[in-house]
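Working notes for the structure below.
Chain identifiers are assigned alphabetically (A, B, ...) following the order of the sequence lines, protein sequences preceding nucleic acid strands; residue numbering begins at 1 within each chain. Treat the numbers as computed from the prediction; the structure is a model and nothing was measured.
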Amino acid sequence: MGRYGDMMSNILCAKGIKKSFDGVHALKGVDLTINKGEIHCLAGENGCGKSTIIKIISGFYRPDEGAIEVAGKGFPVMTPTQAIKAGIQVIYQDFSVFPNLTVLENLAFNQVLANKKRLVNKKEFRKIAEEAVKKINFEVDLDALVETLPVADKQLIAISRALLDNAKLIIMDEPTTALTKKEIKRLFEIIAALKKNGVTILFVSHKLDEVFEISDSITILRNGENVISCPTSEITEEKFAYYMTGRHFDTAQTRKNMKKNIGAKMLEVKNLSAPGFENVSFELHKGEILGVIGQLGSGRTELSLALFGLLKPTDGKIIMEGKEVKLPNVNVAHKLGIALVPEDRLTEGLFLSQSIVKNITVCRMDELASSIGILSNKKSVEESDKWVKGMGVVTKNHELPVQTLSGGNQQKVVLGRWLATTPKVLILNGPTVGVDIGAKYDIHNLLRKLAEEGMAIIVVSDDAEEVIETCNRAIIMRSGYVTGEISEEALSREALALASN
Amino acid sequence: MKKFDFKKILKHTEFYVFVIIIALSLIIQARSGLFFANNNIVDLLRSLIVPSIYALCALLAFVSTGPDVSFPLIAALSAYLAIIVTKAIGYTGSAFLVFIFAIIFGMVMGALNGWIIVKYKFPSLIVTLGTSSIFNGILLGAFEAGRMDLPQPLERLGETSLLTVKNARTGLGSSLPMTFLIMIGLYIITYLVLNYTMVGRGVYALGGDEISAERAGFNVKAIRFGIFVANGAIAAIAGVCYSVMSMRYLPTEYEGGEMIVIAAVILGGTRMAGGVGTLKGCILGTLLLTMVSNSLILVGIPVSWQRVFIGVIIIIGTAISALQSYTAGRIKSKVKKEAA
Amino acid sequence: MIKAKKIDDNIVRLLIILTAFIMIACVTRPANFIQLGNFQTMVKQMSEYGLMALGVGICMISGGIDLSTVYIANLTGIIAGMMMQNMAAGSNGNGYIYLAILVALLVGAICGIFNGFLVSYLRIPAMLATLGSYQLFMGIAIVISHGSTVSGIPEAYTRFGTTLIAQIPVAFIIFLLVTIVLSFIISKTKFGQRIYLVGTNAQAVKFAGIKYNAIIIRAYMISGLISAIAGLVSLARINSAKADFGSSYTMQTILIAVLGGVHPDGGFGSIPGIAIAVVILQILSSYLNMFPNISNYYRNLIWGFVLIAVLIINFVINKRKAAKLRKMS
Amino acid sequence: SQEGGSASQETATDGREETTGSDSAGGDLFDPANYKSSKDKSEWTIAVVTKDNTANWFKRMEIGVNEFGEETGINVIQKGPANADAASQVQVIDDLINQGVDALCVVPIDPGAIEASLKTAMEKGIVVVTHEASNQKNTLFDTEAFTADAFGAALMDALAKDMGETGKYALMVAYTTSTTHMEYANAQKARQLEAYPNMELINDGAVPSAESEESIDTAYERAKEILKANPDLKGFTGVASTDCPGIAKAVEELGLDVKVVGVGTPNEFKPYVESGTISTIKLWDPKDSGYIMCKVASMILGGEKISEGADLGIEGYNNVSIVEGDNKCIIGEADLTITKDNINDYDF
Ligand SMILES: Nc1ncnc2c1ncn2[C@@H]1O[C@H](COP(=O)(O)OP(=O)(O)OP(=O)(O)O)[C@@H](O)[C@H]1O
Ligand SMILES: Nc1ncnc2c1ncn2[C@@H]1O[C@H](COP(=O)(O)OP(=O)(O)OP(=O)(O)O)[C@@H](O)[C@H]1O
Ligand SMILES: [Mg+2]
Ligand SMILES: [Mg+2]
């Protein structure tokens, strides 16, 4: 179904790319053709091979088979420097910044290296860097160390670095995950401006609305194979989801049709303050899903940490089932039936090199062990089996390390771990960040089902769609304060947009 | 332009090491009255030479890859080979050539480290532990190295001194060996390479994020290999310097020198996880530990208590620098919140 | 689902190396090697550093390292030895010996807890924390023993160092027992699993409600405790204790742990692997002592070589296996 | 130091108890006559175990050991540990016992650490001879060029003579844990207290004054510190072979008139002896010690009796005396005193 443009209008043409890692076939002969000057969207579920083909185009991986042409010129062996020289710039999913170096160096390295300079010229560095940040009006201290900057700034560094002079094709691997709505808007403006200047963009995203908002054409991959390549105008949202996942979604199952089963008051937070937020109050009932919507740095993360015993409140009360509780550490929270699915699953959630079993049972060890602390292997495997099946984690063997799973499946493992503790209050911080629509759909469904069964849930998110789809109510946080609350009836995209601006 | 920013300085580990050094030197001065004498300072500088050259190896390895524990044995073996070769060919010219011999041998050994680490991506600690065991076996088993007199070129170098001072009050003298210049030279070269060449920036870049470095176009493998070859060369220089300063080749005195050097370098703010570390911190950390071990007698600590003191100083020093970097992290997140 | 393998590949490879070494020794030096006495000596010698290597291994699995084991062993040996000396005269019965043993174990545990405290609460990198504490423990040992050998250990205690049970030296039985108990703790208990988790991702541990500090302190405490046992075994075997005894063991224990499959960054390794590596090293050392003309320093050469060779063999085999998998699927 | 004295006395009595204890096992473990070998001389193996085979000192010893082997046709081997560490030495000894050597001649790193191993050896009928271990209990004979006390006293006598019997002096050892060094150091102090009232050990008489950690460079640095802290120092002794070169270098550099007396090999010390900084070297020839250990071992294996006044065949040992203390100690008159005048007579 691949669609090939003629030689002249192609900026990039990759044919029959195959790549496998230690037995995993990430790409099974993928074709990708991008026309000059277009915004091309590459979509597909987690683990379908999007990042892998990008890394092959940028010369970071060598394909097992296949050929790459850039602007009609064949590259038998592509290296990162060659790619940069050919005008290909990549904004990687993980930003690819140097945390230990200054913004200045982060911005200048690529270009200086591509020009084969051997010596450091501070003035030249500064010139390149200033030029780069100016392109997107990004205000940042060029001499600051990148590790001291917030996530969004790191993303913006990666973006501005890619915009440098000779870029003909800019590849963005999920560039919007860490950005706020406002920043996304700004990014799209930049992309539009680039397009006007004749730069071609390859854009990777899971988010339907983004794809349809900006792309000219789409290539969808599934399991390392092409599914379709066509102009965006020829495809509908529904079809898009189908091509990506190979399944049809029951769109009737939304919040509006959710069975309401709101019960007794489960959790009450009164005038809670902690470093990062102040004077936050709200109530949470059994069977209710409360959305906490706020942008990066609004205090939402700190609030979730405070409710989980990881951040010491300076003031205020937490009342659970009518009794005031103190949460000095995670164990107390755990015993009280509070669970937190953390924001960053890689650093805060998973033990990447350990088995799926260990990752799922880690919070249940006390129950799975005998009174003197001996773990039952059988029980652990049963427990993990239950959750692997229940959550639909795709894996060959649950003794395999978690790092062999794709992002969505990894998130399911973290979620399964906490659900295994049968919590009364489940807090999820960005439950579907970087998760594809199939897995996202599964997770949202699961949350609704859990609420129906009487669990009290807090969804912390900056994704309005997610909050609308899953939550009964939402509170809005900004700069450490709750600035508003939206009831179920009023919960809509417009209301959220209005409230958070 | 850049202002003198005291708050920024407060965040650097180097600053705290510096404060500890000042405090300790005042204490030593108060207890002995001898610390700030010119001859004592020269003695201290002399003691600093070999450990601070070693510290370069530790620093480069930590910043780019991870711990390297093989430098003392590379030093021992390459100095041995250089001396043997010099004696065998009966060379009596300049000591420079002897250093070149040693550097070549050191680079070969460093290349072995580098090759294994780059090719197989094994942790550097294991590889260097293994190779230093091998070098030790070669030196003492295969070559049966024993104490030796130095060949003429090195002997002559050992007899010349760079600077001689005499304390007016006590009449005590002290002289600074020529090897001090070698150390200064190495620091200058390392400083220039690390800060003013793209390869040098690559060392930091790959320590910060190896994959990003590769994507940016640094030749990560070549840089890492180069680091270990350079470490071999630097260790070889330290090895010859040590023999020059003892006026004798002493095969068994090298082994075991790595730990205290690593402690010094980490004390000076080098991050074990890589990417962070300065020459300033390196020299300050080395100075601190050298100063402590060279002042215990001046201060009058009984011999049997000296080890207790060194242990306590290492623990306190590292605790301060560890807690400081932890609180610096916290300050960081607070600042961020204010900005939000 | 594919059934999980019961024995990991690294142990199999270590066993192959071990067998190869034994065969070489048997063929080339049958008269010296195949002897009850030789085996008894070997197992006696390796028990001490073998115990310490187990402790070092546990700390490495937790993401740290313990450089102080040898000096904890010496300190506890000295304390127990001095107590036995001083109390032997005034007491009838062996109660005082048990008391001394108890105190030694306690001191070992306290030293370990101290290390754990430095690593967890004070966040000092383990390499530095235990480098400092090893100087400290050795210093304390020098201060209380005046640097000299503590000897004249009551025979009631030292007899235990030479006792054979079914021709097996007690020291080795202790080593085996500790190995078995630790294998069990590490692989079968909550605490053991948590050591692996702590060594894999210290940040995620916090979110999973595992008490990082407590796990680390207990890991180092175990290392200290085992070192104390090693100190007591050594006290019985050589009838004396000294502040600097066995200083070459420190590097040796790390090499053993690594050869045994422990990853220096934490999260991987097994106790049986370490135990097999101990045996390999011991056979190598004893074998070399059978050649009058070969310097003992060759041991270091061979040992370094074996270590790197094993790493490379593991690497190549794993790669081959992956390639095979790729072809199959 | 008084505590130390009583402790060692206790040890001594314990040693006796052990002896009687093993008596009942059959035959006197400490009677050399019980060790006569029934094998032919050519089948004997005598193993010499040193502290560190790389040191010049023990390379010199090996010359004597090999000389003995060639002379007599007895199979002799010299082994050192893989690390200069008592634990490694124990391993070497234990392994040699298992290989069924007929005699072990040991220069212990730490006599205490090898007691048990040597006892096992003797119980297996292996002849045990030691050197530099006058307090070793489980040995048939300890062979010494002189006793530790006599040697320490001789060092002090030499120092006292060189510094005119007055003034401050300092003592350096390798480590406070080096047993033999500490014996020499304590003996020096004891001799000074007894014979030279006008001399004074620095730091209120604390033994030792500094550790060289078996490194010439460290010896130099510590010596400098001591000289700075005690500008009126008149004498310095060092008992490890690393000590005196370091001390002498410091003294020369500071331009002081401090007498340096110590232990070491002539060739290594020659420059400082010739320049006069090291006034006296006290030592014995390790070549002879190696030879004598083997000789004593072979005599025991051959059933020969060694008694007071025996002639062991080389100079310095033509008329040995036997002192019974912790062990039976064969003492020669083989100490060498080397000064500027006779240093060129020795080449090792
Ligand atoms: N370095 C690697 N080693 C082994 N397997 C890998 C490696 N990189 C990718 N894979 C595997 O290849 C497949 C494709 O991964 P890729 O990262 O390209 O997916 P993706 O489409 O970018 O997913 P996501 O949306 O989660 O970013 C996955 O199954 C992944 O597990
Ligand atoms: N006091 C603290 N103690 C421990 N961890 C903290 C603390 N403050 C912040 N963190 C962690 O540091 C990380 C970055 O914090 P940051 O404030 O940038 O989070 P955020 O999501 O951007 O902000 P917010 O929660 O305000 O929206 C978070 O993952 C959080 O877990
Ligand atoms: Mg991806
Ligand atoms: Mg956040």
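For D:D217, the parts lying near chain B are the backbone and the side chain together; criterion is any non-hydrogen pair under 4.5 Å. Of the two parts of B:L298, the backbone and the side chain both hold a non-hydrogen atom closer than 4.5 Å to a non-hydrogen atom of chain D. Contact of D:A210 with chain B is made through backbone and side chain together, with heavy-atom distances under 4.5 Å. Both the backbone and the side chain of D:K228 come within less than 4.5 Å of a heavy atom of chain B. Neither the backbone nor the side chain of D:P231 comes within contact range of chain B; no heavy atom of the residue lies under 4.5 Å from a heavy atom of that chain. Proximity to chain D involves both the backbone and the side chain of B:I297, based on heavy atoms less than 4.5 angstrom apart. Neither the backbone nor the side chain of D:N53 has a heavy atom closer than 4.5 Å to any heavy atom of chain B. Heavy atoms closer than 4.5 Å to chain B are found in the side chain of D:E221, but not in its backbone. Contacts between D:I226 and chain B at a heavy-atom distance below 4.5 Å involve backbone atoms as well as side-chain atoms. For D:T177, no part sits under 4.5 Å from any heavy atom of chain B, backbone or side chain. The parts of D:S215 that come within reach of chain B are both its backbone and its side chain, each placing non-hydrogen atoms under 4.5 angstrom from that chain.
In the displayed structure, D:D204 atom CG is contacted under 6.0 Å by at most 12 heavy atoms of other residues, nucleotides or ligands.
With chain B as the partner, the residue from D:G255, D:A250, D:S241 showing the most heavy-atom pairs under 4.5 Å is D:S241. Your options are B:S32, B:S304, B:P251, B:A145, and the one with the most heavy-atom pairs under 4.5 Å with chain D is B:A145.
At distances below 3.5 Å, not a single donor-acceptor pair connects side-chain atoms of B:R156 with backbone N or O atoms of B:P151. The backbone N or O of D:L155 sits nowhere less than 3.5 Å from a side-chain atom of D:Q188 that would complete a donor-acceptor pair.
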Start with the C-alpha gap between B:R307 and B:I310, add the side-chain angles, then the distance that decides, and say whether side-chain contact (heavy atoms from CB on, under 4.5 Å) holds.
CA-CA 5 Å; B:R307 222 166 258 281; B:I310 291 193; 5.6 Å; no

Would D:T179 and D:N135 count as a side-chain contact (heavy atoms from CB on, under 4.5 Å) here? Give the steps. CA-CA 10 Å; D:T179 311; D:N135 61 348; 4.3 Å; yes

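Note that the SG atom of B:C282 and the CG atom of B:L287 stand 11.5 Å from one another [nearest 0.5 Å].
Here the options are B:N38, B:D43, B:N40, B:N39, the test is side-chain hydrogen bond (donor to acceptor under 3.5 Å, both in side chains), and the partner is B:S174; only B:D43 passes.
Residues D:Y169 and D:F236 form no side-chain contact, since every pair of their non-hydrogen atoms from C-beta on lies 4.5 Å or further apart.
With respect to B:R147 and B:D149, no salt bridge is recorded, no charged nitrogen being found less than 4.0 Å from a carboxylate O.
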